[in-house]
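Values below: every heavy atom of this structure, side chains too, minus hydrogens, waters and symmetry copies. So you know, we letter chains A, B, ... as the sequences are listed, proteins then strands, and number each from 1.
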Number of protein chains: 2
Amino acid sequence: MVRAVPDTHGEILAAAARQFTVTGYRGTSLQDIAREVGCSKATVLYHFANKEALLAELMAPAIDVLRSLDDQLNGLTGAAAQEVAAQGFVDLAVRFRREIAVLRGEFPELLCQPAFAHIQQISDRLRDALAGHSDRPGARIAALVLLAGISEACAEFVDIPDDELRPALRTLARRAVEPVDAPLAHPPTTEDKDS
Amino acid sequence: MVRAVPDTHGEILAAAARQFTVTGYRGTSLQDIAREVGCSKATVLYHFANKEALLAELMAPAIDVLRSLDDQLNGLTGAAAQEVAAQGFVDLAVRFRREIAVLRGEFPELLCQPAFAHIQQISDRLRDALAGHSDRPGARIAALVLLAGISEACAEFVDIPDDELRPALRTLARRAVEPVDAPLAHPPTTEDKDS
DNA sequence: TCAGACCCTGACCGATCGGTCAGACTGAGG
DNA sequence: CCTCAGTCTGACCGATCGGTCAGGGTCTGA
């Protein structure tokens, strides 16, 4: 058999993905990655300008999809935006479970890096759409709980098949989103003094 | 005015809490904490055996409450367990927002430390109760989404008053929990082949 | 045969990490 | 006055981090 040209670049990328998933970005050293690939740390830095570039290349596909979901959301309002945001994010999260697991927890620090410059704004818009562009605290809190919870669930349930995880999350999202067009299911309480 | 005996121990604890909240446990060095307090790093290590002991003392109250919730849950089943788990966790999360923010993301690594030996099992039982002790993937996924989402929301909305955050989360939890006693709201789909 | 691009490496760099240690300072008690 | 416990510190330690660099192999095309 012909030994294919050793795709060191790809091997490093794959090893980094595995390690980042388990021990996080910060918790994984270039030495760790090099050891798993079976090369020197200098080789890792030959293929990638620095550790950050490695992460950026790893996350690029997920970020692209997130960006396109943001475009799709642009102009939509009310229940339509909620539906698209919920279903779109569920699909994205299920598909890019590994990438989400990498970011888990290190989100705030990682967002400072130039590669993730606009992620914060996009996810803010996503959250806003999921809240039905409402200012009600209940709606905004529900949106954040859903986005964060779905992310965490996808990162944790790595071994559940997509076809099982996706419909469960879709159902949950539909149930948990604060309705914005239809009248509220629960009667307004006494604390409706604002607006 | 009498200058009270300088409570360096407490000052270090408070500074650590602030720093951990912002930059995380791993991302905060003993030097950082010492700088904020205005003492030397050696002083920090005079008052606390090591960095881990500092974290442990910081988290102790939250862990106590979590443990008592676990006791309270012991023996409860079905909808009763779901209700207690949901409301109990919401209260705990709202109250210990800062502590949750500290753990944010570094959960997996931090759980390895002896101070947090049983947290994993407790949170597993909590999740199980929230799922109504059901094996249905939908119920288990909903429980995880809720627990993770509530934690994240509490860590993020640090400036929302408790009285606003708590009822919103309670309402959301009640809406999002997969009902286990009452018949399902949504008709069973075609994929009900298991069990 | 030779030049040059490509791939890879060991040795090394400065910075920072958590942690140790001997000793200085201080205030209370005998 | 001396002692001693409590508090605090600068200097230092080994380990590890991300990253640099000069140079060695190897392959290819002129």
Using a cut-off of strictly less than 4.0 Å, decide whether [X] has a side-chain nitrogen or oxygen near OP1 or OP2 of [N].
X       : N     : value
B:His47 : D:dG6 : no
B:His9  : D:dT7 : no
B:Thr43 : D:dC8 : no
A:Tyr46 : C:dC7 : yes
A:Thr8  : C:dC7 : no

Would you tell me whether A:Asp91 and A:Gln87 have side-chain atoms, one donor and one acceptor, within less than 3.5 Å of each other? no
Measure the [atom1]-[atom2] distance between [X] and [Y] for me, rounded to the nearest 0.5 Å.
X        : Y        : atom1 : atom2 : answer
B:Ile122 : B:Ile63  : CD1   : CD1   : 8.5 Å
A:Arg18  : A:Thr23  : CZ    : OG1   : 12.0 Å
A:Leu146 : A:Ser151 : CG    : OG    : 10.0 Å

With sequence neighbours excluded, tell me which residues meet salt bridge (Lys or Arg N to Asp or Glu O under 4.0 Å) with [X].
X       : answer
B:Glu83 : B:Arg174
A:Arg98 : none
A:Arg35 : A:Asp32

Which residues, if any, of residues 11-22 of chain A bring a heavy atom under 4.0 Å of DNA chain C? none
Just the rounded figure in Å: distance from P of C:dC7 to CZ of A:Phe48. 12 Å
Between P of C:dC6 and CG of A:Asp7, the distance in whole Å: 16 Å
Within 6.0 angstrom of A:Asn74 CG, more than 12 heavy atoms from elsewhere: no
Answer yes or no: are there more than 12 heavy-atom neighbours, outside B:His9 itself, under 6.0 Å from its atom NE2? yes
Helical bend (five base pairs per end, nearest 10°) for the helix from C:dT1-D:dA30 to C:dG30-D:dC1: 30°
Minimum heavy-atom distance between A:Leu144 and B:Glu156, given as atom pair plus value: CD2-CB, 3.8 Å
When you measure from the side chain of A:Arg140 to the backbone of A:Asp135, do you find a donor-acceptor pair of N or O atoms at a distance under 3.5 Å? no
Might you list the N or O atoms of the protein lying below 3.5 Å from N or O atoms in nucleotides 18-22 of chain C, with each pair's distance?
| unit_1 | atom_1 | unit_2 | atom_2 | d |
| --- | --- | --- | --- | --- |
| C:dG18 | OP1 | B:Lys51 | NZ | 2.7 |
| C:dG18 | OP2 | B:Leu30 | N | 3.0 |
| C:dG18 | N7 | B:Lys41 | NZ | 3.0 |
| C:dG18 | O6 | B:Lys41 | NZ | 3.4 |
| C:dG19 | OP2 | B:Lys51 | N | 2.8 |
| C:dG19 | N7 | B:Lys41 | NZ | 3.2 |
| C:dG19 | O6 | B:Lys41 | NZ | 2.7 |

